Enquirer: 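Just dropping this structure here.
Indexing begins at 1, ligand by ligand and atom by atom, following the structure's order. On a predicted model such as this, the values are computed, not experimentally measured, just so you know. Reckoned from all heavy atoms, side chains included, excluding hydrogens, waters and symmetry mates.
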Amino acid sequence: MERYEGKIVWITGGSGDIACATAERLLEEGATVILSSRSEERLGEECRKLEEKGYEGRIHYLAGDALDYEGCVKTAETIQKTYGRLDVLVCSQGILIHKPIDVLTTEEWHKVMDVNITSVFYCVKAAVPIMKEQNYGRIVLVSSIGGRRGRPGVGVNYAASKAGLVGMTQLLGYELGPWNITVNCVAPGPLAGRMLSSLTQEHIERLKEGTRIHRLGKVSEAAAAIAYLASDDAAWTTGEVLDVNGGLQY
Ligand SMILES: NC(=O)c1ccc[n+]([C@@H]2O[C@H](COP(=O)([O-])OP(=O)(O)OC[C@H]3O[C@@H](n4cnc5c(N)ncnc54)[C@H](OP(=O)(O)O)[C@@H]3O)[C@@H](O)[C@H]2O)c1
């Protein structure tokens, strides 16, 4: 039997690289997946690509801004009404503005904190009542190596937001365990894809050299870790962080 057969999965940050790779991996394993993020156009495009790969009928999207709490509640409730349950939530939205603290503005601090942590809180808060009712839930947050240790070239806003997700994971793993809801987190290192496109080639080369495996990660490698933590193979793992970074040391 497929690991995700019959599972209803909501992936936020849904038009992004990690979200789409995770959707594909979970679809392969039998899930029904609903992607959400702001850009209806990109969501539609990503869904079409997945449909063309043979997943028509199991891949859907609901557009919305994760910073709109009422909108998050509506999305979670629509999923429950339409598909009967909400088994898995993967929160993959995120942005970066990497600048030294003396250059970083207060607006840039808030922008990153809002998307990277407040909107994740909104999505989780919207899903939890449904998961409690089911006495079942799997939540996976997407942190970053930037929230795990001090690193060159990372903004304090990004580091604080991603470290905040680790705290959220640990606390919620503890709080929600009695309802058979697990909460875990992956912390990827640098992955080839859209997010790194704002960095200089020199910065990217330094990142590659810093890994023990001497290459950037693949989004499919982050997706594989998410697929493990959101599955029942990890049913007795909660409040944990899984680093997926090729052994990046600095
Ligand atoms: N890629 C990496 O190397 C890497 C490494 C470590 C950690 N991470 C983390 O992994 C997560 C996903 O990264 P990625 O590489 O997949 O990035 P990505 O391709 O840039 O995707 C991020 C997605 O977040 C969505 N988003 C941004 N603001 C939003 C909002 N207010 N409401 C709803 N959705 C919003 C965007 O979709 P819309 O524009 O459609 O809203 C975007 O597609 C992020 O949290 C990132 O910090 C990535």
Enquirer: Is Arg138 close enough and on-axis enough to Tyr136, meaning under 6.0 Å and within 45°, for cation-pi?
Expert: yes
Enquirer: What part of Leu191 sits under 4.0 Å from ligand 1 if we count only heavy atoms: the side chain, the backbone, both or neither?
Expert: both
Enquirer: In the protein, what heavy atom is nearest to atom 27 (C) of ligand 1, and what distance, to one decimal place, separates them?
Expert: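 Of the protein heavy atoms, Arg38 NH2, 3.4 Å lies nearest.
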Enquirer: For Ser15 and Glu46, what are the C-alpha separation, side-chain angles and deciding distance, and is it a side chain to side chain donor-acceptor pair (under 3.5 Å)?
Expert: CA-CA 7 Å; Ser15 65; Glu46 296 301 339; over 6 Å; no
Enquirer: Would you call Arg148-Asp243 a salt bridge at under 4.0 Å N-O?
Expert: yes
Enquirer: Can Ser36 and Trp10 be counted as having a side-chain donor-acceptor contact under 3.5 angstrom?
Expert: yes
Enquirer: Around atom 8 (N) of ligand 1, find the nearest protein heavy atom and jot down its residue, atom name and distance.
Expert: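 Nearest neighbour among protein heavy atoms for atom 8 (N) of ligand 1, to 0.1 Å: Tyr158 OH, 3.8 Å.
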Enquirer: Going by the order shown, which atoms of ligand 1 are within less than 4.0 Å of some heavy atom of Val142?
Expert: 9 (C), 10 (O), 11 (C), 45 (O)
Enquirer: Answer yes or no for Gly189: is there a heavy-atom contact with ligand 1 below 4.0 Å?
Expert: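 Yes.
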Enquirer: Among Ala223, Gly94, Ser92, which residue places a heavy atom closest to atom 11 (C) of ligand 1?
Expert: Ser92
Enquirer: Can you confirm, on distance only, whether ligand 1 has an N/O atom lying under 3.5 Å from any N/O atom belonging to Ile18?
Expert: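 Min N/O separation from ligand 1 is below 3.5 Å for Ile18.
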Enquirer: Below 4.0 Å from ligand 1: does a non-hydrogen atom of Ser119 turn up there or not?
Expert: no
Enquirer: Yes or no: does Ser143 have any heavy atom under 4.0 Å from an atom of ligand 1?
Expert: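 Ser143: in contact with ligand 1 (<4.0 Å).
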Enquirer: Does only the side chain of Ser15 get under 4.0 Å from ligand 1, or the backbone, or both, or neither? Count heavy atoms.
Expert: both
Enquirer: Counting from 1, what ligand 1 atoms have a heavy atom of Asp65 closer than 4.0 Å?
Expert: 30 (C), 31 (N), 32 (N)
